[in-house]
Amino acid sequence: MIDLHCHLDLYKDPLSLLPKVEQYCDFVLAVTTSPRAWEITSKYFSGVDCIHTAIGLHPELVKERSVEREILFANMPNVKFVGEVGIDGTKANITSLNLQKEVFGEIVQKSEQCGGKIFSIHSRNATTLVLDVLEKYSIQSTSVLHWFSGTVKELDRAISLGCWFSINTSMLSSKKGIELISRMPKKFVLPETDGPFITKLGVPLMPWETNDIIRQFSDLHCIDETDANSVMRDNLSRLLAQGQV
Ligand code: MN
């Protein structure tokens, strides 16, 4: 099982989940929402080989925690994965929009100075703004757009910029999400749970519960589940060849 965007540190008792993660998962990208959280989380998860902890600064937290960007920049040379980062253009975060653009732009530029990183990017209501930053600064980095929710036109632009996409069950439960996913090139798609925020029957999805995504993805592309799984495995290994440490 592959989970390319999971807030493993935000489940009720993350350490109790580790044995199952180790047993069922091949790869989990444990994204974090602040550099301070990353400092602690990356230590806790460091003993589990399949868990890779990304250093992040969630756009919704940029307003309160922008000082922590210094921690992120200081650690940039030593990490391969950066996320969750990006821009959120919803009403609640509109007052910090300029600061969000500034911080995200700096993060991408610092990543480039370190040879390029792999990003897990939030772009809700801000797809064009995110793509503007990537177009301007990202050359060697690889961007995975998590929970893409832009327009078809924005999707085409993201594809032409070389973006990847991590897809989840919420996207697959709406007509718009399904349409977008069916237009994404198979070679640039990976599954994500976005747990514990995405739930199934009221219970947070676990990082090993990506079967529903694989099944629907295989239906969309008229391939069987075994083939869908091997597409995902190939994609993961191509993605992991990116990003300097
Ligand atoms: Mn998330």
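Each ligand, and each atom within it, is numbered from 1 in the order the structure gives. The shown structure was predicted, so the numbers you read here are calculated from the model rather than taken from an experiment.
- Residues that satisfy the salt bridge (Lys or Arg N to Asp or Glu O under 4.0 Å) test with R238, not counting sequence neighbours, are absent from this structure.
- There is a side-chain donor-acceptor pair under 3.5 Å between H5 and S120.
- Counting only N and O atoms by type, the side chains of E112 and Q140 include a donor and acceptor under 3.5 Å apart.
- In this structure, F81 and H52 have perpendicular ring planes: the angle between them is above 60°, well past the 30° mark.
- With hydrogens and angles left out, the side-chain atoms of T193 and D3 include a donor and acceptor closer than 3.5 Å.
- Around the Mn ion (ligand 1), the protein N, O or S atoms closer than 2.8 Å are H5 NE2, H7 NE2, E84 OE1, D194 OD1, listed by chain and residue number.
- You'll find the side chain of F27 stays beyond 4.5 Å of the side chain of M1, heavy atoms only.
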